[in-house]
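This report refers to the structure that appears directly beneath it.
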There are 2 protein chains.
Amino acid sequence: MASIKDVAAEAGVSVATVSRVLNDHPSVSDDARTRVRAAVATLGYRPNAVARSLRTDQTRTLGLVISDVMNPYFTELARSVEEAARALGYSVIIGNADERPELQDHHVRTLLDRRIDGLLVSPTDGGSPLMLEAARAGTPMVFVDRWIPGVDVPVVRADGRAAIRDLVAHLCGLGHRRVAIIAGPAATTTGSERVQAFREALAEYGVPLPDAYIGQGDFQAESGRRVTEGFLDLPEPPEVVFATDNLMALGALDAVRARGLRVPCDIALAAFDDIPWFVHTDPPITAIAQPTGELGRAAVRALIDRIEGRPPQSVTLPARLVVRRSCGEHPDPPHPLSPVQRSTS
Amino acid sequence: MASIKDVAAEAGVSVATVSRVLNDHPSVSDDARTRVRAAVATLGYRPNAVARSLRTDQTRTLGLVISDVMNPYFTELARSVEEAARALGYSVIIGNADERPELQDHHVRTLLDRRIDGLLVSPTDGGSPLMLEAARAGTPMVFVDRWIPGVDVPVVRADGRAAIRDLVAHLCGLGHRRVAIIAGPAATTTGSERVQAFREALAEYGVPLPDAYIGQGDFQAESGRRVTEGFLDLPEPPEVVFATDNLMALGALDAVRARGLRVPCDIALAAFDDIPWFVHTDPPITAIAQPTGELGRAAVRALIDRIEGRPPQSVTLPARLVVRRSCGEHPDPPHPLSPVQRSTS
DNA sequence: CCTCCTCGTGGAATCGATTACACGACTGCG
DNA sequence: CGCAGTCGTGTAATCGATTCCACGAGGAGG
C-alpha cells in the first residue's frame with residue numbers, strides 16, 4: 001500500500017508538503033497542491049490512520065460498551081450513537097458485554113488499548129475497578145442508560161418513574177390488585193430504580209408489593225421465563241406481571257403460553273422498553289417507551305463535548321407509557337374499534 | 001499514560017528487554033523478567049495498540065460491514081462473528097450500511113484506512129468499485145450471506161432453495177394457488193435468488209407467478225407495507241404473501257392489520273429469516289430459518305484462514321422451514337409425518 | 001590458556017504520519 | 001540598493017512500539 005513517501009516522490013515534493021496538502025494547511029502553492037492531488041489520485045493513496053493516530057494522539061473513535069446487542073433497545077441505541085458520531089466525524093467501536101462483567105471488562109480494556117478518544121458505557125454491573133480506574137485516570141467517559149453511582153461521569157438516561165406511575169394508574173384502573181414485577185439485576189441502576197418506582201407508585205394506590213411478587217431476573221429472556229413460572233406456581237398467582245425489560249417480557253410470554261394460559265384474560269403483561277415487535281405480538285404489549293434515538297444523540301454530544309474540552313452535561317429524558325391490549329381492555333373503551341397503539345402521556 | 005520507556009526506566013532495563021518480556025520472547029533472564037513485570041504492575045502499563053500496529057503492520061482486527069443492524073438476523077450474525085473472532089484473539093469493528101451503498105462505501109473506506117487485517121462483507125449492492133478494488137488489491141475478504149458475483153472472494157452463506165421448495169410444498173398442500181412474493185433488491189444475490197427459487201418451485205406445482213404478484217421491496221419494513229398494500233388493491237389479491245426477509249414481513253403484517261384483515265384467514269404470510277419474535281406474533285409466523293451462528297463462525301474461520309495464509313474456503317449451509325400458523329392449518333389434522341419441522345410454541 | 005559458542009542485553013533503525021524550525025526566494029518599503 | 005517581512009518548502013524530531021545487530025560475559029572444549 002502506498003505511503004506518504006511514495007506520494008511525495010511521485011509529486012516531486014517532500015513528505016511535509018504532502019502532509020500539508022492532505023490537512024488543508026494554507027501555506028502550500030497551488031502548483032504543489034495540484035501535483036500532490038494528482039499523485040494521490042494516480043497512486044490511490046489513502047493516509048494510514050494508524051500512523052496518524054500515533055502521531056496526533058487521537059483516533060477520532062468512540063468506544064461504546066453495551067450490555068446486550070441482541071436486545072433491540074440496545075441495538076437501536078447503538079445505531080443512533082453511530083449515526084450521531086459519524087455526523088461529527090467520529091467512528092464507533094461497539095463492544096457487547098452480554099450482561100457479563102468480565103466480558104465488559106475485556107471490551108473496555110481493548111478499547112482503552114486502542115486509545116479511543118472517549119468511552120460510552122452502559123454498565124453491566126455496579127462498577128468494575130477497571131472502569132473506575134479509567135474514569136479517574138481522565139479517560140473521557142459518559143454513562144448511557146445505566147450508570148455507576150458515586151463516579152464523576154455524566155449520565156444520559158431516560159427517567160421511567162413518571163411512566164411507571166402512569167402504568168400503575170392504568171393497571172389499577174383496570175382493577176388489578178395482585179401485581180408482580182420481574183426485576184433486573186440489583187447491581188444495575190435501571191434494575192433497582194424500576195422496582196423502586198413501581199413499589200412507590202403502587203403504594204399510592206394502597207396496593208402492596210409482597211416479596212413473593214418480586215422476581216429476580218437478569219434482563220435476559222430465559223430469566224423472564226423462569227421467574228414467571230415461579231409466579232404461576234404460587235398458591236395465589238399475580239394478575240399482572242411487569243417485566244422490566246423487553247427480553248424478560250418475551251420470556252414471560254413464553255412461560256404463560258407454555259401453561260396454556262392467555263394474555264390478558266388469564267394474566268396481564270407489561271414491559272419496560274418498547275420495540276416494534278410489541279405491536280404484533282399476541283396480544284400487542286403495553287410498554288414503556290424510551291426516546292432511544294434522542295438518548296444516543298445526547299450521549300454522543302456529551303462525550304464529544306468532554307473530549308473537545310467543553311463542559312459535558314448529564315441529560316435525563318422522560319419515558320412514556322404506550323398502552324396496548326396486554327393488560328386488558330378499559331371497562332369504558334373509548335374507541336372499541338381501534339386495535340393498537342394508543343399512547344397516554 | 002505510561003509508555004514502554006517509563007517501564008524500562010522503572011525496571012532499570014532497556015525498552016528492548018521490556019518488549020521481549022511483553023511478547024514472551026525466550027531470551028530474557030528471570031531476574032529481568034520479574035523486574036519488568038513488577039514495573040508493569042506498579043505503573044499500570046498497557047501497551048499502545050496503535051504503536052504496535054504501526055510497527056507490526058497488523059491490527060488483529062476484523063471489519064464487518066452488514067446491511068442493516070436493526071434486522072435481527074444481522075444482529076445475530078454480528079454477535080456470532082464477534083464471538084468467534086474474540087475466541088481467536090481478534091476484535092471486530094462493525095459498520096452498518098443501512099442498505100445504503102454510499103454508507104457501505106464509507107465504512108469500507110474507514111475500515112481500510114484503519115488497516116484492519118480482514119473484511120467481512122454482506123454487500124448492499126451489486127458491487128461498489130471500492131470493494132472490487134480492495135479485493136483486487138489483496139485485502140483479505142470474505143462475503144457473508146450476500147455476495148458479488150464474478151469476484152474471487154470466498155462466500156459463506158445459507159442456501160435457501162431447498163427450504164423454499166418445502167415452503168411451496170406447504171403452501172400448495174394448504175390449497176393456495178395465488179401466491180405473491182415481496183422481493184429484495186435485485187442487486188443483492190439473496191434478493192434475486194429467493195425470487196428465482198420461489199418461481200421454480202411454484203412451477204413444479206404448475207402454479208404461475210405473475211408479475212403483478214412480484215413486489216419490489218428493499219429489505220426494510222416500510223417497503224413490505226407498501227408492496228402489500230399494492231397486492232391488496234389488486235382486483236384479485238393473492239392468498240399468500242411471502243416476504244423475503246423478516247423486516248418486510250413485519251411491514252406486510254402492518255399493512256394487513258391496517259385493512260382490518262386477519263392472518264391467515266384472509267391472507268397467509270410467510271417470511272425468510274426466522275427470529276425469536278415470530279413465535280409470539282399473532283399468529284406465529286411460518287419462516288425459513290438460517291443457521292446464523294454457524295454462518296458467523298464459518299465466515300470468521302474462512303477470513304482468518306485467508307489472513308494467516310491458509311487457503312480459505314467457501315461454505316454453504318442449508319436453511320430450513322419452520323412451520324407455524326400464519327399460512328393456515330393443514331386440512332388433515334395433526335399429521336406427524338410431515339417432512340418439515342414443526343415448532344412448539 | 002585461548003578460542004568459540006551461547007546467552008542476555010542494549011543501541012538504533014523502522015513503521016507512516018505530523019509539525020517545529022530553518023532556510024532561500026521574493027516582495028515592498030525606506 | 002539594502003533590509004525586513006512573507007511565503008513556500010524541506011529537514012529532521014517525534015509518537016510507542018518491534019526487531020536486527022553488535023557486544024560483553026561466561027562456560028565448554030581443545
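Protein chains get the first letters and strands the later ones, always in sequence-line order, with residue 1 at the start of each. Just so it is clear, the model here is predicted, and its values are computed rather than measured.
Between A:L119 and A:L111, the closest side-chain pair of non-hydrogen atoms falls below 4.5 Å.
Annotation for B:E308: atom CD counts as buried by contact number, over 12 foreign heavy atoms lying within 6.0 Å. Environment of CG in B:D57: sparse, with no more than 12 heavy atoms of neighbouring residues, nucleotides or ligands closer than 6.0 Å. Residue-environment remark: CD (B:Q58) exceeds the threshold of 12 foreign heavy atoms within 6.0 Å.
Under the rule for a side-chain hydrogen bond (donor to acceptor under 3.5 Å, both in side chains), A:R109 has no partner lying at least two apart in sequence or in another chain.
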* **Check against side-chain hydrogen bond (donor to acceptor under 3.5 Å, both in side chains), B:R146 and B:S67** => CA-CA 9 Å; B:R146 311 176 185 176; B:S67 323; 3.2 Å; yes
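As judged by a 4.0 angstrom heavy-atom cut-off over every strand, A:S27 is placed among the base-contacting residues.
No donor-acceptor distance shorter than 3.5 angstrom exists from the side chain of B:T124 to the backbone of B:P101, with no hydrogens or angles considered.
The CG atom of A:D31 sits 11 Å away from the C1' atom of D:dG8 (whole-angstrom rounding). When rounded to the nearest whole Å, the span between CZ of A:R114 and C1' of D:dA17 equals 16 Å. Atom NE2 of B:H25 and atom C1' of D:dT19 are 8 Å apart (whole Å).
Taking five base pairs at each end of the helix from C:dC1-D:dG30 to C:dG30-D:dC1 and finding the rotation axis that steps the C1' atoms of four pairs onto the next four gives two axes whose angle is 60°, to the nearest 10°.
The residue from B:L22, B:V21, B:I4 that alone fulfils the side chain to side chain contact (heavy atoms under 4.5 Å, CB included) condition with B:V40 is B:L22.
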Below 3.5 Å is the cut-off: list the nitrogen or oxygen pairs between protein and nucleotides 11-21 of chain C, distance only.
from, atom 1, to, atom 2, distance (Å)
C:dT14, O2, B:R55, NH1, 2.8
C:dG16, N2, A:A51, O, 3.4
C:dA17, OP1, A:Y45, OH, 2.6
C:dA17, OP1, A:N48, N, 2.6
C:dA17, OP2, A:I4, N, 2.3
C:dA17, OP2, A:Y45, OH, 3.4
C:dA17, O5', A:Y45, OH, 3.3
C:dT18, OP1, A:N23, OD1, 3.4
C:dT18, OP1, A:N23, ND2, 3.2
C:dT18, OP1, A:R52, NH1, 3.2
C:dT18, OP2, A:S19, OG, 2.5
C:dT18, OP2, A:N23, ND2, 3.3
C:dT18, O2, A:R55, NH1, 2.3

